[in-house]
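Keep in mind that what you see is a predicted model, and the values were worked out from it rather than measured.
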Amino acid sequence: MAEPLPLKSLASLLAQIPTCTAIDVLMKEHPVESFILQGVSGIQFAEKPIAGPARTLRYLPARADLAQSVAPLLNFKLLDSVQPGEVLVFDTARGLGGSVLGDMLALRAVRRGAAAVVTDGAVRDLAGLATTGLPVFASRIFPMPFRGSLVPHEIDAPVQCGGALVMPGDMILADRDCVLALPPALAALVVERAGSYLHEETFSRELLDRGEALSCAYPIPDSLRTLYTRYLDHGELPTAEQVAGAHGR
């Protein structure tokens with residue numbers, strides 16, 4: 001059995017794969033809905049996917065009689081300890097309370113080398129966030145800070161975010177389409193199989209762009225598998241006549 005990839009190498013390879021491709025690869029064998037952070041989308045994102053191991057923070061609703069029983073600056077502790085390439089994941093019980101990220105916290109995350117911040121809560125200070133360049137994925141924009149409505153309660157523990165379970169060390173993959181939280185073993189599976197899937201997509205796209213019908217091009221029908229193998233070997237797209245012949249037309 002091959003040795004598991006180091007997380008840094010796994011993140012680097014995973015960041016080359018769009019989330020929709022990762023979903024298509026996984027859905028052949030796994031129920032993928034549980035890995036999707038629903039209602040969480042890109043507020044500020046890079047042109048390419050981002051990927052990295054999760055560092056988690058769970059917020060709880062504030063309550064006056066318990067205000068002194070939890071650490072009010074636990075979010076600062078996490079931001080001060082984040083390592084290069086890690087993705088900060090904030091659980092706010094699907095958006096309760098005020099904003100959990102603004103430009104100052106984002107700047108600290110950038111200086112520590114965080115790859116992104118992901119939350120099912122709100123963020124604010126969009127103009128300031130833009131100056132940091134930090135990829136941010138959230139459920140909404142809200143101008144009020146969380147103080148008085150949420151309390152940072154626990155770091156580096158299992159959390160939910162967008163209805164999905166996120167374990168510390170899960171690989172986060174995020175782009176314009178969605179945010180995924182993948183166990184490292186499944187992330188490695190995506191990396192292993194995405195190449196062949198993308199090759200198939202390229203073949204189908206070229207056929208469709210030429211004018212072939214969907215039934216002849218996507219997904220690749222069994223009748224075209226021999227022609228597809230030749231395409232991989234020689235880089236030559238089959239002619240329309242070859243495609244028609246493969247379909248018995």
Check this for me: Arg111, atom CZ, are more than 12 non-hydrogen atoms of other residues, nucleotides or ligands nearer than 6.0 Å?
no
Starting from the C-alpha separation in whole Å, work towards a yes-or-no answer on side chain to side chain contact (heavy atoms under 4.5 Å, CB included) for Leu88 and Leu57.
CA-CA 8 Å; Leu88 297 168; Leu57 168 61; over 6 Å; no
How close do Phe137 and Ala116 get, heavy atom to heavy atom, and via which atoms?
CE1-CB, 4.4 Å
Which residues pass the ring pair (Phe, Tyr, Trp, His ring centres under 6.0 Å) test with Phe45, sequence neighbours left out?
none
Contact list for residues 28-39, test salt bridge (charged side-chain N to carboxylate O under 4.0 Å, His left out), sequence neighbours left out
Glu29-Arg193
More than 12 foreign heavy atoms under 6.0 Å from CG of Asp233: is that the case here?
yes
Could you work out, with side chain to side chain contact (heavy atoms under 4.5 Å, CB included) as the rule, every residue matching Ala187, not counting sequence neighbours?
Leu10, Leu14, Met171, Leu182
Pairing residues for Tyr231 by the ring pair (Phe, Tyr, Trp, His ring centres under 6.0 Å) criterion, not counting sequence neighbours:
Phe203
Partner residues of Arg205 under the side chain to side chain donor-acceptor pair (under 3.5 Å) criterion, sequence neighbours left out:
none
Might you work through the side chain to side chain contact (heavy atoms under 4.5 Å, CB included) test for Ile220 and Arg225, ending with a clear yes or no?
CA-CA 7 Å; Ile220 301 174; Arg225 282 291 162 182; 3.9 Å; yes
Using the side chain to side chain contact (heavy atoms under 4.5 Å, CB included) rule, pick out the option among Ile50, Thr119, Val40 that qualifies with Val179.
Val40
Residue pairs meeting salt bridge (charged side-chain N to carboxylate O under 4.0 Å, His left out), one or both in residues 150-170, sequence neighbours left out, come to Arg55-Asp156, Arg58-Glu154
State which residues pass side chain to side chain contact (heavy atoms under 4.5 Å, CB included) with Asp24; sequence neighbours excluded, sorted by chain then number.
Met27, Tyr197, Glu201
Who passes side chain to side chain contact (heavy atoms under 4.5 Å, CB included) against Thr19, sequence neighbours left out?
Leu173, Asp175, Asp177, Cys178, Leu180
Once salt bridge (charged side-chain N to carboxylate O under 4.0 Å, His left out) is applied, what residue pairs with a partner in residues 39-51 remain, sequence neighbours excluded?
Glu47-Arg176
Test side chain to side chain contact (heavy atoms under 4.5 Å, CB included) applied to Asn75 and Leu150, Val100, Leu105, the passing residue:
Leu105
Taking Ser204 for the side chain and Glu200 for the main chain, is one N or O donor matched with an acceptor at less than 3.5 Å?
yes
Should we count NE2 of His199 as having more than 12 external heavy atoms under 6.0 Å?
no
Can you tell me if Tyr59 uses its side chain to pair, donor with acceptor, with the backbone of Phe90 under 3.5 Å?
no
Going by the rule side chain to side chain donor-acceptor pair (under 3.5 Å), which residues pair with Arg140 if we only count those two or more places apart in sequence or in a different chain?
none
Donor-acceptor check, side chain of Thr56 to backbone of Ile155, threshold 3.5 angstrom: yes or no?
no
What side-chain donor-acceptor pairs closer than 3.5 Å can you find for residues 160-169, not counting sequence neighbours?
residue	atom	partner	partner atom	Å
Gln160	OE1	Gly162	N	3.4
Gln160	OE1	Gly163	N	2.8
Gln160	NE2	Asp91	OD1	2.8
Gln160	NE2	Asp120	OD2	2.8

With sequence neighbours excluded, residues passing side chain to side chain contact (heavy atoms under 4.5 Å, CB included) with Pro145
Arg124, Arg147
Under 4.5 Å between any side-chain heavy atoms of Arg230 and Glu236, yes or no?
no
